[in-house]
Amino acid sequence: MTHPPIDVTDAEIDQAVAALRAGQLVAIPTETVYGLAADATNDDAVARVFALKGRPADRPVIVHLGAAEDLSDWAVDIPEYAQAWAEHFWPGPLTLVLQKKEHVSGSITAGQPTVACRVPAHPVALKVLKCLGHALVAPSANRYGQISPTTAEAVHDEFGTEAPMVLNGGPANVGIESTIVACVGPKPVILRAGMITAEALEGVGQVSVDGLQSQASVIAPGQVASHYAPRTRCVWVDDAATLKACLEGISTDLRLGYLGWQAPPQRVAAAEILADEPKRAAQQLYAALRELDRAQLDRILIHAPPKGACWEGIRDRLKRAATPSHKQQVV
Ligand code: TXA
Ligand code: MG
């Protein structure tokens, strides 16, 4: 994965590392979304991440490593296929859930016997990890349940005056969160869809991978139905016929927005049309949702993305955005 030149200075990296050593938080760019980072070996710092995000303590966080070799410091009983994935896909948008080593704090794993690890593919994140010499926990740098930030500006928008230091590494290259795979049962299972598909994993790991659909039997904390959601109420529309019926049922007094792949209906006040190509659409997705959420709309119509495995991560995020939660205004 290539990145445009980054203008984070060495002085900023030093400042970020000093803050992390002092137990403070720093928002870092990764290739997927921005992360709210804390020293993974400092329980107080990890607690600060949960406090700032407003994240429930039963949602474990991902440990970010500087290199695949560090995995054995955090996990045990690593299956051969998982080792092969780590070597092939890292640095990259893949998180492996494995049996944790004894020392790994329950504040990271939410008391579970497993730990989630990945190596992020962003030069700034890797530099911070190298200079710090410790792993980082880094959940997405948004308030709990909100849309993940893909730019430094979006991190500032999320936290306002409470924002920690933010390293600006430019817009995220992948745009949606990493694929999470549980590697602890008889068969690997995808817990969160991302841009690395089951098919890509099967090719490298020489193992069959259970897709997202079959996750019901696996404990997948954080995978609540409503997530990655704008404050504006979103309505899922599967196809042109549903869209038409939906429009007919919504009062003409309401201001509508549209996110999708087709020409927007005439009566919408704001529209975001995403690219036909999944990689580009993933890069655009969260910025488009944030834009519509700022547009003073009563409803956002979300059109289903094209079919196919490469679209699964995007479809999953949009479905969750369109699942009503308490925080969305109901009009
Ligand atoms: O792309 C990403 O993964 C981003 C960037 C910043 O690296 N991070 C991210 O973190 O999305 P967060 O905290 O927003 O999502 C972490 C997900 C949650 O759904 C959590 O439940 C799951 O990882 N997770 C963490 N540890 C787990 C474990 N031991 N077992 C199962 N799921 C776990
Ligand atoms: Mg998140």
Side-chain angles (χ1 to χ4, degrees), residues 1 25-38 40 46 49-50 52-65 74-75 89-101 104-122 124-126 128-129 135-150 154-155 158 166-167 169 172-185 188-196 212 215 217-229 282 285-286 313 316-317 320-321:
M1 233 157 277
L25 310 185
V26 176
I28 57 165
T30 85
E31 82 283 28
T32 56
V33 300
Y34 276 67
L36 187 61
V46 175
V49 171
F50 280 78
L52 181 57
K53 275 189 68 104
R55 183 182 178 105
D58 63 354
R59 304 275 142 81
V61 284
I62 298 172
V63 174
H64 292 62
L65 308 171
W74 292 84
F89 292 106
W90 287 351
L94 176 69
T95 295
L96 302 177
V97 172
L98 294 156
Q99 295 299 338
K100 80 175 186 78
K101 266 201 148 166
V104 183
S105 167
S107 62
I108 292 176
T109 65
Q112 296 189 86
T114 55
V115 63
C117 297
R118 84 178 193 99
V119 178
H122 193 294
V124 171
L126 290 172
V128 170
L129 282 161
L136 292 168
V137 294
S140 52
N142 52 275
R143 304 273 187 193
Y144 178 67
Q146 293 296 128
I147 304 166
S148 299
T150 50
V155 179
E158 277 293 310
V166 183
L167 293 174
N173 227 333
V174 174
I176 62 170
E177 302 80 357
S178 57
T179 304
I180 302 182
V181 196
C183 309
V184 288
V189 182
I190 294 188
L191 300 183
R192 179 172 72 185
M195 296 310 282
I196 294 180
L212 193 57
Q215 69 167 329
S217 60
V218 181
I219 305 165
Q223 294 304 86
V224 284
S226 173
H227 215 95
Y228 316 105
L285 181 68
Y286 286 147
D316 169 70
R317 301 313 185 276
R320 287 176 204 278

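Order of appearance sets the numbers: ligands from 1, and atoms from 1 within every ligand.
- Using a 4.0 Å heavy-atom cutoff, Val97 is listed among the residues neighbouring ligand 1.
- When all heavy atoms of Gly92 and Ala121 are compared, the pair lying nearest together is N-CB, 3.8 Å.
- The distance from the OG atom of Ser148 to the CG atom of Leu285 is 9.5 Å, given to the nearest 0.5 Å.
- Counting atoms of ligand 1 from 1 in the listed order, those under 4.0 Å from a heavy atom of Ala138 are 6 (C), 8 (N), 10 (O).
- The shortest N or O to N or O distance between Arg118 and ligand 1 is below 3.5 Å.
- The shortest non-hydrogen separation linking Ala38 to Val49 is CB-CG2, 3.5 Å.
- The residue Arg59 has no part lying near ligand 1, judged by heavy-atom distances below 4.0 Å.
- Smallest separation of non-hydrogen atoms from Val115 and Trp74: CG1-O, 3.6 Å.
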Worksheet item: What's the verdict on side-chain hydrogen bond (donor to acceptor under 3.5 Å, both in side chains) for Ser178 and Thr95, showing C-alpha distance, side-chain angles and the deciding distance?
Response: CA-CA 6 Å; Ser178 57; Thr95 295; 2.8 Å; yes
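- We find that Glu177 and Arg118 are not joined by a salt bridge, their nearest charged nitrogen and carboxylate oxygen being 4.0 Å or further apart.
- In this structure, OG1 in Thr30 is found 11.5 Å from CG in Leu136, a value given to the nearest 0.5 Å.
- For Arg55, every heavy-atom contact with ligand 1 shorter than 4.0 Å involves the side chain, none the backbone.
- Residue contact check: Ile180 has heavy atoms under 4.0 Å from atoms 17 (C), 22 (C), 23 (O) of ligand 1.
- When only interatomic distances are considered, the shortest N/O to N/O separation between Thr30 and ligand 1 does not fall below 3.5 Å.
- When non-hydrogen atoms are compared, ligand 1 lies under 4.0 Å from the side chain of Leu191 (C-beta onward) but not from its backbone.
- Contact between Gln146 and Asn142 at its shortest, heavy atoms only, is O-ND2, 3.4 Å.
- For the pair Glu177 and ligand 1, the shortest N or O to N or O distance does not fall below 3.5 Å.
- Under a 4.0 Å criterion applied to the non-hydrogen atoms of Ser140, ligand 1 contributes the atoms 8 (N), 9 (C), 10 (O), 12 (P), 14 (O).
- Atoms CG and CD, from Leu36 and Glu158 in turn, are 10.5 Å apart once rounded to the nearest 0.5 Å.
- Every atom of ligand 1 is numbered from 1 in the order shown, and the set under 4.0 Å from a heavy atom of Ala116 is 25 (C), 26 (N), 27 (C).
- Taking 2.8 Å as the criterion, Ser140 counts as a coordinating residue of the Mg ion (ligand 2), since one of its N, O or S atoms falls below it.
- Per-residue contacts place Thr114 under 4.0 angstrom from the following atoms of ligand 1 (heavy atoms of the residue considered): 28 (C), 29 (N), 30 (N).
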